[in-house]
Amino acid sequence: MKSLVKTIARRPLSSYYSIYTFTTQTQISTIPPTLIDDFTNFCYKKDLPRAMEAMNSLEKRGLRAASVTYSELIKCCIACGAVEQGKRVHKHVYSNGYKPKTFLNNFLLNMYIKFDLLNEALKLFDKMRERNVVSWTTIISAYCNLKLNGDALECLVRMQREGVQPNMFTLSSILRASDCLGTLRQLHCSIIKYGLESDIFVRSALIDIYSKWGELDNGFRVFDEMQTGDLVVWSSIIGGFAQNGNGDKALDLFISMKRLGFEANQGTLTSVLRACTGLALLELGRQVHTHVIKTQIDLILNNAILDMYCKCGSLEDASSAFKWMSEKDVISWSTMISGLAQNGYSIEALKLFESMKASGSKPNYITIVGVLFACSHAGLLDDGWSYFRSMKRLYGVEPGREHYGCIVDLLGRAGKFPEAVQFIHEMKCEPDAVIWRTLLGACKVHKKVGLATYVAKKIIELEPHHEGTYILLSNIYADAERWEDVEEVRKNFTGRGFKKEPGCSWIEVNKQVHAFIFRDEAHPQIKFVYRELNYLIERIRRVGYSPDMTFVLHDLEGEQKEDSLRFHSEKLAIVYGLMSLPKEKPVRIIKNLRICGDCHTFAKLVSKTEDRYIVIRDPVRYHHFRDGTCSCGDYW
DNA sequence: ATAGGGTTAG
């Protein structure tokens, strides 16, 4: 009403009367300035319903507010997710042949993108007279979000041909669209050319994308030259190392970041947890968990916590964290199912899968991998087959390499070799080295030397540089005491410039990691460890232990053979754990190579004679030793 | 007005 008085007061007295009479006849809304003011106020107050009403009234009278007012209203529609209202605004803005300014069009573009209406946005975009860098960036980032990388890159060319130069917004957004390293390098060149490398958004995007393309070195270079950075840049580089299996470096950087006074958020801590997961640092991971539990845990962080506990072999912690989660998504369920399966709790994993379905959560590709893995791990041939055969129909998931791999494993473990080979040939995709190596693993378990030779040849054709293949094959020959063949493989292996990676096992004691490397005597207490180990071997010899010589890679003689077995790194780590941890604490060992049969027997017997719970994580499987048995059922 | 990092398998 205030504005009404003002307007009227400015007019000469005669027209005051005429307006007054006029309004009483045709309702108050004919007085335009009031309406526009009200409209503006409603928009700024985010009162969508009344703003829309006011806009309709304006429209009826062919009136229009200022562009900023409309942009406020569009923001309001976006915030409320009001699609229909948004479209009405669009129509109104364009009514009576009016041509809105570019910035208002950009607001409309942005609105359609936020509403996932790319086509509407494109229709508008094509009609716009002027398209500035914001218009282009809006479209490009929409393409990037939809993973339409080609379209995004094409836009980058088109905009420049129209004379619009990309800015830091454009480039930080389009980096994700790199379809190969070449593209990435070209984009990086453009960034340098436009002098945008120091922008923190561009920097974090560069670090991230280099890391995703496996060239973290380049990402680190960008990071290292940094003068100014923020939490996201730090998180990108920490995440990069964590995702590329360099947990050490990730944790180092995390410490540097903290020293500079940055407070980690949930995103950063998710990466830190992933680093703990990779290194199997249960105690450090637990520390992160207890820290975040006091503040805030979102779904992604919670999932990372679950995974950390599973991969550190502590299913008790994982299950309880899972139970307390207020919200669970497919990833939570899948993590838990795979975690149980990998740790040898197949039945529990399958039960959890049933609960998942009952909860209404829809299994995805990865969930089914976990389910099939559970079946193959426990040798549940029939269940595995039936899940595999019905996955498409029941869950809409087309079988892929990983699923085929599980079935090959399932058949191989069951000793059904003709079926496994036939299955591989009938798969819908070309068998790769991973599939054949699965079969090779089964050959080892069932001592199928002949088939192993054939399979290994296939693998070496496909992947000549994979060390694991040679080691596996040589062990298969050693098993069969075919020493000439062992020597042949060894020659082939070293001839290609490989060296067998030394076995390394580590254990976390009192927030410190103690690593033991085969034939390495650097550990300060190594003498005591050896002494204890000898006592221990004597004790378990009495309950029937005799070193199993077939697990020595090279053809050595008698005593020497036993010595090299005796000092396998996991035995040293186990002994150290027994010596330094209280009896009720599990001895958790992590190692870089697969566990050998002799160490496996050793661990089983020790768990019995010493009455200890021992967990060993090797690169592919978990072994929980309790009371003389292992969760893997001696099948790995 | 437009932009960046975090979770499941292999």
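Every value quoted in this text rests on a predicted model; they were computed, and no experiment measured them. Throughout, a chain's letter reflects where its sequence line sits, starting with A, and its residues are numbered from 1. Scope of the values below: all heavy atoms of this structure, side chains included, with no hydrogens, waters or symmetry mates.
No N or O donor and acceptor, one from the side chain of A:Asn303 and one from the base of B:dG6, sit under 3.5 Å apart. Within 3.5 Å, a donor on the side chain of A:Asn265 pairs with an acceptor on the base of B:dG5, or the reverse. Below the 3.5 angstrom threshold, one finds no donor paired with an acceptor across the side chain of A:Ser271 and the base of B:dG6. The base of B:dA1 is paired with the side chain of A:Asn132 by a donor and an acceptor separated by under 3.5 Å. You won't find any donor-acceptor pair under 3.5 Å spanning the side chain of A:Thr138 and the base of B:dT2, going by distance alone. Remark: the A:Ser235 side chain and the B:dG5 base include a donor-acceptor N/O pair separated by less than 3.5 Å.
Checking the phosphate oxygens (OP1, OP2) of B:dT7, a side-chain nitrogen or oxygen of A:Gln243 falls inside 4.0 Å. Between A:Lys328 and B:dT8, a side-chain N or O to OP1/OP2 separation shorter than 4.0 Å is absent. In this structure, A:Gln342 reaches the B:dG10 phosphate: one of its side-chain N or O atoms is under 4.0 Å from OP1 or OP2. A sub-4.0 Å separation between OP1 or OP2 of B:dG4 and a side-chain N or O of A:Lys212 is absent. Listed pair A:Arg274 / B:dT7 meets the phosphate criterion, a side-chain N or O lying under 4.0 Å from OP1 or OP2.
The side chain to side chain contact (heavy atoms under 4.5 Å, CB included) test with A:Phe223 is passed by exactly one of A:Ile237, A:Ile238, A:Leu206: A:Ile237. Tested against A:Met257 for a side chain to side chain contact (heavy atoms under 4.5 Å, CB included), the candidates A:Val233, A:Thr268, A:Asp252 yield a single pass: A:Thr268.
At a threshold of 4.0 angstrom between heavy atoms, the contacts of A:Thr335 are confined to the sugar-phosphate backbone, with no base atom among them. Residue contacts shown for A:Leu269 are absent, as no nucleic acid heavy atom lies under 4.0 Å away. Contact annotation for A:Phe107: backbone-only contact, meaning every heavy-atom pair under 4.0 Å involves sugar-phosphate atoms and none involves a base. Backbone-only contact: A:Ser236 has heavy atoms under 4.0 Å from sugar-phosphate atoms and none from a base. Residue A:Arg203 is classed as having no contact, given no heavy-atom separation below 4.0 Å to the nucleic acid. At a threshold of 4.0 angstrom between heavy atoms, the contacts of A:Lys311 are confined to the sugar-phosphate backbone, with no base atom among them. Residue contacts shown for A:Asp208 are limited to sugar-phosphate atoms, with no base heavy atom under 4.0 Å away. At a threshold of 4.0 angstrom between heavy atoms, the contacts of A:Val272 with the nucleic acid are absent. Backbone-only contact: A:Ser173 has heavy atoms under 4.0 Å from sugar-phosphate atoms and none from a base.
Rounded to an integer number of Å, the gap from A:Phe125 CZ to B:dT2 C1' is 12 Å. Taking atom CD1 of A:Ile238 as the reference point, atom P of B:dG4 lies 19 Å away to the nearest angstrom.
Ring geometry for A:Phe388 against A:Trp385 counts as perpendicular: the plane angle is over 60°, on a 0 to 90° scale with 30° as the lower cut. A:Tyr70 and A:His92 have tilted rings, their planes meeting at an angle from 30° to 60° on a 0 to 90° scale.
Aromatic pair A:Phe322/A:Tyr309: ring centres not closer than 6.0 Å.
The pair A:Arg221-A:Asp217 does not meet the salt-bridge criterion, since no charged nitrogen lies less than 4.0 angstrom from a carboxylate oxygen.
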